[in-house]
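Structure first, commentary second.
Remember, it's 1-based here, ligands and their atoms both numbered in the order they're listed. Side chains are part of it too, since the values below use all heavy atoms of this structure and drop only hydrogens, waters and symmetry mates.
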Amino acid sequence: MAEIKVIIPAVNEGDSIGKVVAELPNSVSEIIVVNNGSEDNTVENAKKAGATVLTENQRGYGYACLKGLDYVAKQSKQPDLIVFIDGDYSDYPEELDKVVAPILQDDVDFVVGARKKALREPGSMTPQQVFGNQLATFLMRLFFRAKFTDLGPFRAIKYEKLKELEMQDKTYGWTVEMQLKVLRKKMTYAEVPVRYKRRIGVSKVSGTVKGTIFAGIKILGWIFKYSLK
Ligand SMILES: Nc1nc2c(ncn2[C@@H]2O[C@H](COP(=O)(O)OP(=O)(O)O)[C@@H](O)[C@H]2O)c(=O)[nH]1
Ligand SMILES: [Mg+2]
């Protein structure tokens, strides 16, 4: 059986992180929650639910993901797949098996869980977020003929392929960087429709002005950087 590890960046997700960890299916061998200075019971609840909890001192979504990867790289046995999911309980953790299926069954390299409009709870994504994702995926289609329709956080990739990507983004550009590099390296990919609901707790990214502006800048920055190369 393929070995699957999950990385979850989490800041102040005490009310949701336990549910996310608990509802991930048994096909997962380790759940790694990367905390950045949470001031609530995120760490305690993640541990209680059975996750490995790491601490990253630098604030940032990308920093947290990189910390998780660094931890995995140092383990004696490497996984076959890495899955990323958010800690806010917006995604449906039990859909993990569906998200990894194209990799396990069809040998695809990378899968994005696409939050299709019909599968989204109203209000689960801000209008700016929907617009930003549409613009980003439109530009990826234009420049790379990409078939992505979302930059969703719930995603799976073969571990060996992820290493080849040499991920760098420390903050909000993490998801788009991964997709652009998959395209540039001509890896194979698929999208799986996933459901998405309103988060528990408070948004750190799309629900904040700073997050929205910087995410927009980061995402467009990566796209233009890669398109002009
Ligand atoms: N470790 C860590 N996690 C973060 C950071 N920023 C956001 N997150 C987590 O990343 C996930 C997505 O953030 P969220 O606030 O839901 O963003 P949104 O979905 O765009 O509103 C959640 O699990 C957050 O707790 C960060 O700086 N460090
Ligand atoms: Mg969220």
By number and element, which atoms of ligand 1 are closer than 4.0 Å to a non-hydrogen atom of [X]?
X	value
Q129	20 (O)
Y196	19 (O)
A64	1 (N), 2 (C)
E13	22 (C), 23 (O), 24 (C), 25 (O)
G87	22 (C), 23 (O)
G60	26 (C), 27 (O), 28 (N)
S206	18 (P), 20 (O), 21 (O)

Practice prompt. Indicate, as side chain, backbone, both or neither, the part of V34 found under 4.0 angstrom from ligand 1 when only non-hydrogen atoms are considered.
Written response: backbone
Discussion item. Below 4.0 Å, non-hydrogen atoms only: which portion of E56 touches ligand 1? Side chain, backbone, both or neither.
Written reply: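 Neither; nothing of E56 gets under 4.0 Å from ligand 1.
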Item to complete: Return the set of residues passing salt bridge (Lys or Arg N to Asp or Glu O under 4.0 Å) with D109 (not counting sequence neighbours), or none when no residue passes.
Response: K158
Worksheet item: Any N or O on A10 sitting closer than 3.5 Å to an N or O of ligand 1?
Response: yes
Fill in: Ring center gap for Y196 and Y92 short of 6.0 angstrom
no
Discussion item. Considering the Mg ion (ligand 2), could you give the total of protein N/O/S atoms lying closer than 2.8 Å?
Written reply: 1
